[in-house]
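Here is the structure we will look at, set down as structure tokens.
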Amino acid sequence: MDIDQAKIPQATAKRLPLYYRFLEGLQASGKHRVSSSELSEAVKVDSATIRRDFSYFGALGKKGYGYNVNYLLSFFRKTLDQDELTKVILVGVGNLGTAFLKYNFSKSNNTRIEMAFDVEESIVGEMIGDVPVHHFKDLKEHVEGKVDVAILTVPAKYAQGIAEDLVKAGIKGILNFTPARLSLPDDVRVHHIDLSVELQSLIYFLKHYPLSES
């Protein structure tokens, strides 16, 4: 099936990994089909949105039957390039960075942190979670032409300069875990994950938009 990715809304594209993860669990449990309402309850996305998301990819299900789990999983695996290994680097081996290295996407078969970078001499040359730590000054020789994606877990005041160096080394995508808002060329995609903002948002919603008790 030929799909024009340019016509897929970004909001839909961001939900695809969520669907994929849930479908993996269904397949592992031996379930063969699932309805949009079941998907909705599991991933906390309303069923109308799920049906609309899936409609961008053609006829993935049948009315009255639901969706075939194995078919959906196979389809989204191909769509999300799950059969192709994506190599990632991490910059900033502090507490958060170390946690990422030890976890290293252990439940994913298509994403792996290949190497890490820091300026702290005491950890340069070490292996953390089977990932080698290199000095940041050697970034370009290790990365250029080999890796496109970086996870950034450095102090906020250094984030902009380090991000610019990452771009010079050929990085095209940055998952930014710092509070800094990065200003980079238009052809570099940055996803910001500010844990403190997310926590504040959660607390606000708990106070002002309480969920009804069942």
Side-chain angles (χ1 to χ4, degrees), residues 5-18 20-21 79-202:
Q5 290 294 146
K7 293 183 179 179
I8 307 300
Q10 290 190 25
T12 294
K14 291 186 75 170
R15 285 189 287 268
L16 296 186
L18 186 64
Y20 182 81
R21 184 170 60 186
T79 302
L80 294 167
D81 294 325
Q82 290 293 300
D83 294 323
E84 179 180 330
L85 177 67
T86 299
K87 298 178 181 179
V88 180
I89 65 167
L90 180 138
V91 182
V93 189
N95 292 332
L96 180 58
T98 297
F100 273 123
L101 296 182
K102 291 181 177 179
Y103 167 65
N104 205 356
F105 305 99
S106 57
K107 295 181 180 179
S108 170
N109 60 4
N110 78 314
T111 306
R112 185 172 69 220
I113 300 174
E114 284 284 292
M115 59 191 106
F117 295 87
D118 206 290
V119 295
E120 179 56 55
E121 296 288 353
S122 63
I123 59 174
V124 169
E126 296 292 316
M127 298 285 290
I128 299 179
D130 296 324
V131 179
V133 181
H134 303 293
H135 200 288
F136 188 70
K137 65 181 174 59
D138 300 321
L139 175 76
K140 199 166 186 177
E141 68 178 81
H142 287 290
V143 170
E144 195 169 33
K146 302 173 186 175
V147 183
D148 295 324
V149 180
I151 299 172
L152 193 59
T153 52
V154 300
K157 62 181 178 180
Y158 302 119
Q160 179 65 38
I162 288 174
E164 291 172 3
D165 288 338
L166 287 171
V167 173
K168 291 175 185 176
I171 293 296
K172 292 296 183 182
I174 297 175
L175 190 60
N176 176 29
F177 277 88
T178 82
R181 284 299 179 258
L182 306 176
S183 178
L184 297 171
D186 292 339
D187 62 345
V188 178
R189 179 173 288 275
V190 180
H191 284 196
H192 299 278
I193 301 179
D194 190 326
L195 297 179
S196 63
V197 169
E198 293 299 327
L199 182 58
Q200 288 173 340
S201 175
L202 172 62

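On a predicted model such as this, the values are computed, not experimentally measured, just so you know.
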Spacing of [X] atom [atom1] and [Y] atom [atom2] [to the nearest 0.5 Å]:
X    : Y    : atom1 : atom2 : value
L195 : L202 : CG    : CG    : 12.0 Å
I193 : L175 : CD1   : CG    : 4.0 Å
I171 : D165 : CD1   : CG    : 11.5 Å
N104 : I113 : CG    : CD1   : 4.5 Å
R181 : H192 : CZ    : NE2   : 4.5 Å
L90  : L96  : CG    : CG    : 8.0 Å

Yes or no on side chain to side chain contact (heavy atoms under 4.5 Å, CB included) for L184 and I174, after CA distance, side-chain angles and deciding distance?
-> CA-CA 10 Å; L184 297 171; I174 297 175; 3.8 Å; yes
Might you confirm whether atom CG of D130 has over 12 heavy atoms from other residues, nucleotides or ligands at distances under 6.0 Å?
-> no
Mutual orientation of the aromatic rings belonging to F117 and F136 [parallel < 30°, tilted 30-60°, perpendicular > 60°] = perpendicular
Might you point out which heavy atoms bring [X] and [Y] nearest each other, and give the distance in Å?
X    : Y    : result
V131 : A116 : CG1-N, 3.8 Å
T153 : G92  : OG1-O, 2.7 Å
D118 : V124 : O-CG2, 3.9 Å

Say whether, by atom type as modelled, one donor and one acceptor occur between the side chain of Q160 and the main chain of S183 under 3.5 angstrom.
-> yes
Please identify each residue that fulfils side-chain contact (heavy atoms from CB on, under 4.5 Å) with R189, with sequence neighbours left out.
-> Q10, H191
